[in-house]
Amino acid sequence: MAIITLTTDFGEKDHFVGAIKGSIFSELEQINIVDISHSISPFNISEAAYIIQNAYSSFPKGTIHLIGIDSELSPENKHIAIKLDDHYFICANNGIMSMICNDIAAEKVVEINIHDKVETNFPVLDIFVKVACHIARGGTLDVIGKVINTIKPIKNLIPFVNDEHNQIIGSVIYIDNYGNVITNIRRKFFESIQKTRAYEISARSHKFKTIYQKYSDIIDFDMEESKRNVEGKGLVVFNSSGYLEIAIYKSNCSTVGSASTLMGLKTMDTVTINFLNQ
Amino acid sequence: MAIITLTTDFGEKDHFVGAIKGSIFSELEQINIVDISHSISPFNISEAAYIIQNAYSSFPKGTIHLIGIDSELSPENKHIAIKLDDHYFICANNGIMSMICNDIAAEKVVEINIHDKVETNFPVLDIFVKVACHIARGGTLDVIGKVINTIKPIKNLIPFVNDEHNQIIGSVIYIDNYGNVITNIRRKFFESIQKTRAYEISARSHKFKTIYQKYSDIIDFDMEESKRNVEGKGLVVFNSSGYLEIAIYKSNCSTVGSASTLMGLKTMDTVTINFLNQ
Amino acid sequence: MAIITLTTDFGEKDHFVGAIKGSIFSELEQINIVDISHSISPFNISEAAYIIQNAYSSFPKGTIHLIGIDSELSPENKHIAIKLDDHYFICANNGIMSMICNDIAAEKVVEINIHDKVETNFPVLDIFVKVACHIARGGTLDVIGKVINTIKPIKNLIPFVNDEHNQIIGSVIYIDNYGNVITNIRRKFFESIQKTRAYEISARSHKFKTIYQKYSDIIDFDMEESKRNVEGKGLVVFNSSGYLEIAIYKSNCSTVGSASTLMGLKTMDTVTINFLNQ
C-alpha cells in the first residue's frame, strides 16, 4: 500500500488537514496517510526543511511526501515535484527542498503545470493531492510537470568557516519540543574542520568544551543519585540527526526551563566554535 | 474500507482520543479512522460547526463523522445521528449540525435510544462508537434511534441585512491557525446583496475596499521585491471555504502578529459592510 | 492487522513521531499505527502512567504499546518489554508501568538486550520499533530480552489513609484538557474506606460534600435555564476512568477558567477527604 506523508503549517485545529485526508481517500481507497508535522511555524521554510530532512528517510522507498508550507501559487512561487533518493516530494519552490538537495542530488525535478485544469485557492488540497495520488497510482512526474534544473535555495544552510580554519560560525535553525537548540553545524562538517584539536563552543555568554554522545553522558553514575545535581545543567551533544545541539538535561519549557528559555537562544542566533592551536 | 472521522474538544494530550480509536478497532478490524480536529475550544459549538462543515465534504460518500463536543447526555442534551448528503454524523443535539443542515436538507435524523443497554459516563466512547460501528457495518439509523424532525439551532449563523439592503452586519465565527479572522459572511450571500455596488468593510477601526481572490493578490509583482512592503499588511479575501476573511499577509501569531492579534478581533466581534449607492 | 500504539513526550512539531512511523512501515507493510498521545509533559512519568493505563484496555488483545518517555539507555535506565492482560508494552524501566502492574499482574517482563546489535542515540526509533515489529510478526519476548521479576515503582500512586480510617490524603496526578484536576483516589478505594459515612472533600480552601456521577448532575433541570447559574461552578465527580476529579462545569482554561486555574490546583497538590463519624 502506498504511503503519503503530510508536513504543513496548518496547525492542529483547523479543518485543512482533515479536508486533505478526505480528499486523498476520495481518490484512493487503499492508502496510508501519515502525519509528519502540522505544527511548523507559519511560513517557516527552514523549520519545514529541517523536519522533512530528518523524517523522510525513515519511510520506505517510494513514499510520497506532501509539504504544505507557503504554497499559494504566484508568479514567484511555483509548485514542484521532486524525485530524490527514491522518495517523492511535492511542495512550493520556496527553498524547503534545498536542505535535502544539498546532500543528495535530485533524480528529477518538475514544475507542476496542471493548474489550468483546476480552479482553486487551496492548492495543497486541489493540486498537491492530485499530484500525490497520480504518483501513488504509479504515474510519472513528466505527465504533471515540465522538467527544471534548479530549485530555489535557502540562506544560512551552511555554517561559515574563517580562512585560518580555526573558527566555525553557525546559527540556530530549530528549537525542539524540549527547548533544545539545534544549530546548522553537522557532525561530519565539524570533524572535517576540527581534526584532533580542542575547542570551545560559545552561545551568548555560555561556553562548552565537550560534545557528548548522548544526554545522560553528563551523569557520573558512580556518584550517589542525590549528589549529582545534573537536572537543569547545560550540555552540548550531536543529536540523533547528527546536528550540534545545545540542551539542558531533562528540560521542560513550562517547568524547569530549557536551553532556549534559560540561555535566551532563538532561531537565527549565532553559535561559535573556536579551535585551539595545537 | 469504511471511514470514521473524529472531531472533538478532547485536546492532543489526554487519553480520550486513543481510547476511542482502540474501542473502534475492538469492534472493526478493517476501518480507516481519520482525525479532523481534537483542538476545538472546549464546549465551543460554533467552532465545531465551522470545522465539520468545511471538512466533511472532501471525504467519500458514506463516511461516518463522529463529533464529540459537549456530548454528556442530559434531559436537554440528547444524542442524534443524521444522514445528510450521503454522509453520516453522530453528535449531541446541541446546534453543531445546524450550520450544515441550513445548507443541505438532512435525509434522516434520529434521536439515539440505545442508552438503556449501556451504562456510561463517557458517551462518545460508549454510545457514539457503538453507533458509528453499527453504521460502518451497514446498519440503518432506524435500529439505533427514533426519527425526529427538527434539530437544535445555533445563533449568529446568518448575518443581518438592513431594510434598505445597503448594509450587512456580520460577525466573527472562527480564528484560524494563522490568526486570520473568519466571518459568517459567505460569498454567495455577499454577492446577492452587493449586485455591482462598491463597498467598504469595517472591523473596529480598520477599513477595506477590496476583497481579494487569494492572499498574494496584494503583491504587485512588477515591483522590486525589497520595495513591496506587504508582509504584515491587512487584507480581505474570500477564503477557500467561501467565507469573508480578514487576514494579514504571511501572518504568524507568535512572531509578526496576525489579523486577530494586530487588529484586536475576536470571535463574536462585528464586521460591517456598507454598500455605496450608485 | 496488528496494532502499534504510540505514547510519547515528543510533542506535535518535531520529526521524531514521523520518523518512528516511517520506520515501522519500513519493517511492516500491514500495520495500524495509532497515536495515543505525544503531548505528555517532557519526562513526566506519572502523566504517562495515567494516560497509558486509561487508554490501553480499549484496544484489542494483542495490541503493542510503545511508550517513549525518558527512554535514553543508561546504567540506571534499562529498556523493558512487558506482557500483561494480553497486551504488550515497550518502554524504559522508569516507573511508567508500575500503575498498571499494581492493578494487574504482568505475565512476563523482560529487560531488552539487543542493544549490542544496534548503534543508536535515538532508542525509541532504533530499539523500541525493532522490538514492536518483532512482536507484531508473532515473535516472543524471550528472543529480545532476559526475564526479570520486578520493575521500578513510582511514588504517590496510592493515597494515604490514617489509622482511624476516617481520613484519606490523596494527591493530584493529572490535569486534563479541560483543566479538570484528577487525583489518585479511585472509586473502589474510596468506597472501601467510606462505607456509608458522610464526608467532606478539601482542596486548598475549597470544600465539597457530594461526589456526582456525571458533570451535568449539578444542574436542576426543573429550574428555568436562565436562573441556573451553574457554568463555572466547582464540583466533584468520579471521572470516566474511575478517579476522583475536581471539575468546573463547562470549563475552558483560556476563557472562563478551569478547576486548575480557578482553584490554583497543580499536580502533586494534596486533596483530603474527612469522613464524619456516624
Side-chain angles (χ1 to χ4, degrees), chain A residues 1-3 5-7 9 11-12 32 34-41 47-48 50-61 63 65 87 174-180 182 212-217 219 221-222 225 231 237-242 248-256 258, chain C residues 1 6 8-35 37-45 47 68-78 92 94 115 119-127 129 175 177 254 266-268:
Chain A
M1 190 151 40
I3 299 173
T5 79
L6 306 179
T7 304
D9 62 358
E12 304 291 333
N32 276 319
V34 182
D35 300 303
I36 290 179
S37 178
H38 300 294
S39 300
I40 305 294
S41 304
E47 270 190 20
Y50 179 77
I51 293 292
I52 192 72
Q53 186 191 45
N54 291 304
Y56 94 89
S57 60
S58 293
F59 286 85
K61 301 283 182 190
T63 296
H65 305 279
H87 288 251
Y174 192 75
I175 310 287
D176 78 7
N177 186 52
Y178 305 90
N180 294 334
I182 295 151
Y212 289 111
Q213 296 310 305
K214 54 183 188 178
Y215 304 102
S216 59
D217 282 349
I219 300 175
F221 286 103
D222 293 333
E225 203 169 338
E231 302 218 358
V237 290
F238 283 115
N239 71 15
S240 58
S241 302
I248 295 272
Y249 186 66
K250 294 212 176 176
S251 59
N252 179 331
C253 297
S254 54
T255 58
V256 293
S258 70
Chain C
M1 190 152 39
L6 306 178
T8 77
D9 63 357
F10 294 158
E12 305 290 334
K13 180 171 179 177
D14 296 352
H15 64 279
F16 303 124
V17 175
I20 286 166
K21 292 179 180 175
S23 186
I24 294 172
F25 279 117
S26 291
E27 289 219 27
L28 298 170
E29 211 188 328
Q30 296 292 321
I31 189 78
N32 276 319
I33 306 173
V34 182
D35 300 302
S37 178
H38 299 295
S39 300
I40 306 294
S41 303
F43 303 100
N44 195 317
I45 306 296
E47 268 189 22
I69 318 279
D70 187 20
S71 50
E72 197 176 76
L73 190 72
S74 83
E76 294 170 2
N77 200 38
K78 302 295 191 180
N94 55 17
H115 301 86
E119 173 127 6
T120 176
N121 58 347
F122 187 0
V124 179
L125 183 69
D126 296 317
I127 303 294
V129 164
I175 311 287
N177 186 52
S254 55
K266 305 182 307 294
T267 310
M268 306 295 287

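Excluded from the calculations below are hydrogen atoms, water molecules and symmetry mates; all remaining heavy atoms, backbone and side chain alike, are included. Chain letters run A, B, ... following the sequence lines, proteins first, then strands; residues in each count from 1. These numbers were taken from a predicted model, which means no experiment stands behind them.
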request  = Spell out the residues in residues 24-34 of chain C that have some non-hydrogen atom less than 4.5 Å away from a non-hydrogen atom of chain A, in order of number; otherwise answer 'none'.
outcome  =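 Under the 4.5 Å heavy-atom cut-off, C:Phe25, C:Ser26, C:Glu29 qualify.
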
query = Are A:Tyr174 and C:Asp14 close enough that some pair of their side-chain heavy atoms sits under 4.5 Å apart?
reply =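 Contact flag for A:Tyr174/C:Asp14 side chains = yes.
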
Given heavy-atom pairs under 4.5 angstrom as the criterion, report whether the side chain, backbone, both or neither of [X] touches chain C.
X        : value
A:Phe238 : backbone
A:Ile51  : both
A:Thr5   : neither
A:Ser241 : side chain
A:Gln53  : neither

C:Asp70 with A:Lys250: basic N within carboxylate O range, under 4.0 Å =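 Between A:Lys250 and C:Asp70 there is a salt bridge, with a charged N closer than 4.0 Å to a carboxylate O.
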
message = Quick check for you: to the nearest 0.5 Å, what is the distance between A:Asp35 atom CG and C:Asp35 atom CG?
response =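 If we round to the nearest 0.5 Å, A:Asp35:CG and C:Asp35:CG are 7.5 Å apart.
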
query = What is the distance from atom CG of A:Asp176 to atom CZ of C:Phe16, rounded to the nearest 0.5 Å?
reply =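 With rounding to 0.5 Å, CG (A:Asp176) is 5.0 Å from CZ (C:Phe16).
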
task = Could you walk me through whether A:Phe59 and C:Ser23 pass side chain to side chain contact (heavy atoms under 4.5 Å, CB included), step by step?
result = CA-CA 6 Å; A:Phe59 286 85; C:Ser23 186; over 6 Å; no

Heavy-atom pairs under 4.5 Å with chain C, option from [options] with the top count:
options                           : answer
A:Ile36, A:Ile52, A:Asn54, A:Thr7 : A:Asn54
A:Phe221, A:Tyr50, A:Tyr215       : A:Phe221
A:Ser240, A:Gly179, A:Ser57       : A:Ser240

Minimum-distance pair of heavy atoms, taken over all atoms of A:Asn177 and C:Asp9 =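 The pair with the smallest heavy-atom distance is ND2-O, 2.7 Å.
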
query = Can you name the closest pair of heavy atoms from C:Pro42 and A:Ser251 and give their distance?
reply =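 Scanning both residues, the minimum pair turns out to be CB-O, 3.5 Å.
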
Contacts of type side-chain hydrogen bond (donor to acceptor under 3.5 Å, both in side chains), residue [X], not counting sequence neighbours:
X       : value
A:His87 : A:His65
A:Glu12 : A:Ser39
A:Ser41 : A:Glu47, C:Lys13

Between C:His15 and A:Ser58, a side-chain donor and acceptor under 3.5 Å =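 Short answer, no.
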
task = Just say parallel, tilted or perpendicular for the rings of C:Phe43 and A:Tyr178, cut-offs at 30° and 60°.
result =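 Taking A:Tyr178 first and then C:Phe43, their aromatic rings sit tilted (interplane angle of 30° to 60°).
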
request  = Could you tell me whether a side-chain N or O of C:Glu72 sits under 3.5 Å from a main-chain N or O of A:Ser216, the two making a donor and an acceptor?
outcome  =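 Yes, C:Glu72 side chain to A:Ser216 backbone: donor-acceptor pair under 3.5 Å.
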
task = Could you walk me through whether C:Phe122 and A:Asn239 pass side chain to side chain contact (heavy atoms under 4.5 Å, CB included), step by step?
result = CA-CA 9 Å; C:Phe122 187 0; A:Asn239 71 15; over 6 Å; no

